[in-house]
Amino acid sequence: GFMKKKVNILCVGLDNSGKTTIINSLNPNKVDNGMIVPTIGFSIETFSKSKLNLTVIDMSGQGRYRDLWEHYYVDVDAVIFVVDSSDKIRTCVAKDELEQMLNHKDLKKRKIPILFFANKNDIEDSMSVADCSNALGLNNVKTKNWYICSCNGLTGDGILTGFNWLIGIIK
Ligand code: GTP
Ligand code: MG
């Protein structure tokens with residue numbers, strides 16, 4: 001038969017960056033009722049896209065829960081890292097979290113794909129993709145296959161561009 005490939009995707013990034021908003025917009029089982037609340041701990045979502053059965057682990061980005069991220073590194077096939085492009089003050093915190101993740105023993109030696117969303121591109125004075133990329137130091141990330149794209153979690157604009165890149169790499 002035609003077994004769909006099972007893929008684990010870990011979604012991380014600081015609190016309020018828009019992770020749950022983006023994951024929900026990709027999930028055909030979710031209705032958009034505009035009622036997204038900050039994630040407590042994490043939330044596991046399963047849905048299929050093209051020939052893949054996806055399990056997306058939507059982590060909380062709040063400081064007190066960030067220690068949970070690393071427990072999922074060992075099993076992960078791909079990472080989605082969401083950045084709030086309007087939150088210039090905290091890009092250094094996001095960069096720090098990214099570096100910790102990339103240097104973690106369970107991810108360090110694996111060439112998994114990482115999709116970066118520079119989210120909230122609707123907000124005036126938000127950073128461009130190039131600015132976000134520089135702020136995160138992505139040009140120094142040579143051990144991973146990464147891609148960054150600008151998006152708007154509320155309208156969905158740009159999300160499929162990034163997601164299709166990820167799906168294409170995994171397949
Ligand atoms: P935690 O679960 O706390 O880690 O946050 P999160 O990253 O899951 O963020 P969430 O999806 O809960 O979104 C945080 C807030 O940002 C919500 O009020 C969203 O409606 C809003 N938001 C998400 N994407 C966008 C966007 O593209 N533009 C704007 N203006 N607001 C957005
Ligand atoms: Mg959330």
Side-chain angles (χ1 to χ4, degrees), residues 7-47 49 54-73 75-102 104 107 112-138 146-166:
V7 173
N8 292 325
I9 298 177
L10 185 67
C11 184
V12 294
L14 301 186
D15 48 295
N16 198 50
S17 55
K19 299 177 293 298
T20 304
T21 306
I22 291 172
I23 300 307
N24 276 11
S25 81
L26 289 165
N27 187 344
N29 312 320
K30 288 271 162 140
V31 283
D32 177 13
N33 56 9
M35 293 290 284
I36 288 172
V37 294
T39 307
I40 306 295
F42 60 89
S43 167
I44 298 184
E45 309 295 338
T46 52
F47 54 94
K49 268 267 147 67
L54 305 177
T55 298
V56 182
I57 309 167
D58 174 16
M59 302 303 298
S60 165
Q62 286 180 60
R64 77 189 93 151
Y65 295 120
R66 277 180 219 151
D67 287 347
L68 296 176
W69 297 3
E70 64 175 332
H71 295 293
Y72 300 91
Y73 294 164
D75 257 350
V76 93
D77 300 303
V79 171
I80 297 176
F81 196 106
V82 182
V83 187
D84 177 348
S85 61
S86 73
D87 187 0
K88 290 174 198 166
I89 289 167
R90 290 204 301 164
T91 50
C92 53
V93 183
K95 180 177 196 253
D96 192 61
E97 294 295 349
L98 172 65
E99 277 169 5
Q100 282 190 48
M101 181 177 80
L102 295 174
H104 190 278
L107 276 190
I112 54 158
I114 307 183
L115 168 62
F116 293 90
F117 278 122
N119 191 34
K120 307 199 184 183
N121 67 8
D122 55 304
I123 295 181
E124 207 180 337
D125 284 336
S126 62
M127 294 178 286
S128 66
V129 167
D131 290 344
C132 285
S133 178
N134 286 336
L136 293 173
L138 295 189
W146 60 265
Y147 178 77
I148 183 166
C149 74
S150 165
C151 76
N152 178 340
L154 299 180
T155 61
D157 181 41
I159 292 178
L160 276 183
T161 306
F163 197 64
N164 287 338
W165 171 84
L166 195 66

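Just follow the structure's listing: the first ligand is 1, and inside any ligand the first atom is 1. These numbers were taken from a predicted model, which means no experiment stands behind them.
- Among all non-hydrogen protein atoms, the one lying nearest atom 22 (N) of ligand 1 is Lys120 CE, 3.7 Å.
- Looking only at distances, no side-chain donor or acceptor of Trp146 sits under 3.5 Å from a matching main-chain atom of Ile112.
- Between the side chain of Asp77 and the backbone N or O of Asn8, at least one donor-acceptor pair lies under 3.5 Å.
- A donor-acceptor contact shorter than 3.5 Å links the side chain of Lys49 to the backbone of Leu26.
- Counting heavy atoms from C-beta outward, Gln100 and Trp69 have side chains that stay 4.5 Å or more apart.
- Judged by distance alone, the side chains of Asn119 and Ser17 never bring a donor and an acceptor atom under 3.5 Å apart.
- Looking at Asp122 against ligand 1, only its side chain comes within 4.0 Å, counting heavy atoms.
- Interface atoms of ligand 1 facing Ile123, defined by a heavy-atom separation under 4.0 Å, are 30 (N).
- A salt bridge between Asp15 and Arg64 is absent, with no side-chain N of the basic residue lying under 4.0 Å from a carboxylate O of the acidic one.
- Close contacts between ligand 1 and Ser60 involve ligand atoms 4 (O) [criterion: under 4.0 Å to a heavy atom].
- Within a 4.0 Å radius of atom 18 (O) of ligand 1, the protein contributes no non-hydrogen atoms.
- In terms of protein heavy-atom proximity, atom 24 (N) of ligand 1 is nearest to Asn119 ND2, 3.1 Å.
- In terms of polar-atom proximity, defined here as any N/O pair under 3.5 Å, Cys151 makes no such contact with ligand 1.
- Side-chain contact between Val76 and Leu107 is present, with at least one heavy-atom pair separated by less than 4.5 Å.
- Per-residue contacts place Leu14 under 4.0 angstrom from the following atoms of ligand 1 (heavy atoms of the residue considered): 7 (O).
- Between the side chain of Asn27 and the backbone N or O of Ile23 there is no donor-acceptor pair closer than 3.5 Å.
- Below 3.5 Å of separation, one finds an N or O of Thr20 facing an N or O of ligand 1.
- Looking only at side-chain heavy atoms (C-beta outward), Glu97 and Leu14 come within less than 4.5 Å of each other.
- Nearest protein heavy-atom neighbour of atom 27 (O) of ligand 1: Gly153 N, 2.8 Å.
- Scanning the protein heavy atoms around atom 7 (O) of ligand 1, the nearest turns out to be Lys19 NZ, 2.7 Å.
- Atom CD1 of Ile89 sits in a sparse spot, with 12 or fewer heavy atoms from other residues, nucleotides or ligands closer than 6.0 Å.
- Counting backbone and side-chain atoms alike, Thr20 contributes an N/O/S atom closer than 2.8 Å to the Mg ion (ligand 2).
- For Ser17, the heavy-atom gap to ligand 1 drops under 4.0 angstrom.
- Contacts of Ile22 with ligand 1, taken as heavy-atom pairs under 4.0 Å, are absent altogether.
- Residue contacts with ligand 1 do not include Asn24, since none of its heavy atoms lies under 4.0 Å from the ligand.
- Panel note: side chain Lys120, backbone Leu154; no donor-acceptor pair is recorded below 3.5 Å.
- Near Thr39, meaning under 4.0 Å from any of its heavy atoms, are these atoms of ligand 1: 1 (P), 2 (O), 3 (O).
- In summary, Thr39 places an N/O/S atom under 2.8 Å from the Mg ion (ligand 2), meeting the contact criterion.
- In this structure, atom 32 (C) of ligand 1 has a protein heavy-atom contact shorter than 4.0 Å.
- Looking at ligand 1, you won't find any N or O of Gln62 less than 3.5 Å from one of its N or O atoms.
- Not one N or O on the side chain of Thr39 forms a donor-acceptor pair closer than 3.5 Å with the backbone of Phe42.
- Listed by number with element, the atoms of ligand 1 under 4.0 Å from a non-hydrogen atom of Pro38 are 2 (O), 3 (O).
- Residue, atom and distance of the protein heavy atom nearest to atom 9 (O) of ligand 1 are Gly18 N, 3.1 Å.
- At least one side-chain heavy atom of Ile9 sits less than 4.5 Å from a side-chain heavy atom of Leu166.
- In this structure, the side chains of Trp165 and Pro113 come closer than 4.5 Å at one or more pairs of heavy atoms.
- At the top of the distance list for atom 11 (O) of ligand 1, counting protein heavy atoms only, stands Thr21 OG1, 2.6 Å.
- For atom 29 (C) of ligand 1, the nearest non-hydrogen atom from the set Leu154, Asn16, Ile36 belongs to Leu154.
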